[in-house]
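Have a look at the structure below, then the notes.
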Amino acid sequence: MNAIWIVLPILTLLMFELGLTLRIEDFKLFRQRPRPIIAGLIGQILFLPVLAFMLGYAFRLEPLFFIGIMLIACSPGGSSSNIFSMIAKGDVALSVSLTALSSIITLFTIPVVMEFSTHLIGNHLNIDINLPVGSLIVQNLLLMLLPIITGVLVKRYCPQKAESIHKVLSKTAFPALILLATIFFIQHHATIMTQFGKLGLCISVLILLAMGGGVLLSKSMRLNQKEQRTLIIEIGMQNAAQAIAVASSPFVLNNGIIAIPAIIYALMMNVILLGYVGIVKRK
């Protein structure tokens, strides 16, 4: 069975669940507190892809893994970051707003970054990597933007029903991501086990440096401790489900190997950030 037919419904549900947590006001926090929003978006939209490209080159990753790590780096923050920010005693309103804004902005930046990456990598290594940008944009609009907007509208006009649905879906988000990773692990276990050493180290360094970037951006913008904790989590947590969907979709890259970095990222992301949350909770 092609795992993409499990990936796409899971991604759609996760995006709908994210929409259920959002309000129109969450997109307007920029007016009230522009500095933390700007810092967070710089970290996610600019810093992470550049960092991933440098690490992919430094670790001499194979072309498909290089593309995979670029894909996870330019994906938006996942809805789980809001929960992590709450547990870490961060700024939950900032976390929700950054998740909302990055989810919309990256619908349009992912095609640009990935088109540049696949073109550059393909030319450098003399291989043909075709990225159907139009299909990628359409898939992002249908599987991400539409479910998010639907969730926002349900919350706005049917708040009680939205709350009931959210209570159910919020409990399934993490298990769904684990199910996703497990399915791909089973399908590609030989490749994952062979490459886990170098790829796992590269991805762990990516996450740790991303979190460090959150610290530097926070200090440069003179943010408070709660905002800093939120930025560390938001920049360190990416939407692995979306990266897997883009990599494995028959309408876009149609390559399960490109999804492997996102699978490993999902594992290392939760391990590292759970450790961080455990440390800061005690302070």
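A pairwise comparison of heavy atoms in M237 and Q44 identifies O-NE2, 4.4 Å as the closest pair. The shortest heavy-atom contact between P49 and V113 is CB-CG1, 4.3 Å. A pairwise comparison of heavy atoms in M221 and I38 identifies CE-CG2, 3.7 Å as the closest pair. The minimum heavy-atom distance between L98 and G40, with the atom names listed, is CD2-CA, 3.9 Å. Shown here for I235 and G214, the closest heavy-atom pair between the two residues is CD1-CA, 3.7 Å. Taking both residues in full, the closest heavy atoms of A240 and A266 are given as CB-CB, 3.9 Å, listed atom of the first, atom of the second, then distance.
With hydrophobic clusters built from ILVMFWY side chains whose heavy atoms lie under 4.5 angstrom apart, L142 does not share a cluster with I244. A single hydrophobic cluster is not seen to contain both V50 and I72; linkage of ILVMFWY side chains at heavy-atom distances under 4.5 Å, directly or through other members, places them apart. Taking hydrophobic clusters as Ile, Leu, Val, Met, Phe, Trp and Tyr residues chained together by side-chain heavy-atom distances below 4.5 Å, L153 does not share a cluster with F16. Taking hydrophobic clusters as Ile, Leu, Val, Met, Phe, Trp and Tyr residues chained together by side-chain heavy-atom distances below 4.5 Å, F47 shares a cluster with I105. A continuous path of Ile, Leu, Val, Met, Phe, Trp and Tyr side chains, each step under 4.5 Å between heavy atoms, connects I257 with M193, placing both in one hydrophobic cluster.
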Exercise for the section: Apply side chain to side chain donor-acceptor pair (under 3.5 Å) to the pair S95 and N82, showing each step before the final yes or no. Expected result: CA-CA 6 Å; S95 177; N82 307 151; 2.8 Å; yes
Exercise for the section: Applying side-chain contact (heavy atoms from CB on, under 4.5 Å), run through K155 and H166 and close with a yes or a no. Expected result: CA-CA 9 Å; K155 181 180 179 65; H166 172 62; over 6 Å; no
Exercise for the section: Could you please spell out the steps behind the side-chain contact (heavy atoms from CB on, under 4.5 Å) verdict for M211 and L273? Expected result: CA-CA 9 Å; M211 294 169 68; L273 283 164; 3.7 Å; yes
Exercise for the section: I would like to know whether N255 and S248 meet side-chain contact (heavy atoms from CB on, under 4.5 Å); could you show each step before the answer? Expected result: CA-CA 5 Å; N255 194 311; S248 56; over 6 Å; no
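In this structure, L206 and L48 have side chains that are in contact, with non-hydrogen atoms separated by less than 4.5 Å. Contact annotation: the side chain of I232 approaches that of Y276 to within less than 4.5 Å [non-hydrogen atoms, C-beta and beyond]. Q238 has its side chain out of reach of C74: every pair of non-hydrogen atoms, C-beta onward, lies at least 4.5 Å apart. Two residues are said to be in side-chain contact when any heavy atoms from C-beta on lie closer than 4.5 Å; Y265 and I207 meet this criterion. The shortest distance between side-chain heavy atoms of I67 and S117 does not fall below 4.5 Å. Between V92 and K226 there is no side-chain heavy-atom pair separated by less than 4.5 Å. Side-chain atoms of L61 and C202, non-hydrogen and from C-beta on, do get closer than 4.5 Å to each other. Taking the side chain as every heavy atom from C-beta outward, M15 and N239 approach each other to under 4.5 Å.
Between the CD1 atom in I110 and the CG atom in L107 there is a gap of 7.0 Å [rounded to 0.5 Å]. Atom CD1 of I260 and atom OG1 of T191 lie 5.0 Å apart (nearest 0.5 Å). Taking CG of L14 as the start and CD of Q242 as the end, the distance is 11.0 Å to the nearest 0.5 Å. Within the model, atoms CG of L51 and CG of L209 stand 5.0 Å from one another, a figure rounded to the nearest 0.5 Å. The distance from the CG atom of L101 to the CD1 atom of I45 is 9.5 Å, given to the nearest 0.5 Å. Note: L231 CG to I37 CD1 = 8.5 Å, rounded to the nearest 0.5 Å.
Without hydrogens or angle criteria, R35 side chain to R222 main chain gives a donor-acceptor distance under 3.5 Å. At distances below 3.5 Å, not a single donor-acceptor pair connects side-chain atoms of S97 with backbone N or O atoms of L94. No donor-acceptor pair under 3.5 Å is formed between the side chain of S249 and the backbone N or O of V246.
Within the structure, side chain to side chain donor-acceptor pair (under 3.5 Å) contacts touching residues 194-205 (residues at least two apart or in different chains) are E62-Q195.
With 3.5 Å as the limit, one finds a donor-acceptor pair spanning the side chains of E234 and S81.
Annotation: salt bridge (charged side-chain N to carboxylate O under 4.0 Å, His left out) contacts of R33 (sequence neighbours excluded): D91, E227.
Here F65 and F59 keep their ring centres 6.0 angstrom or further from each other.
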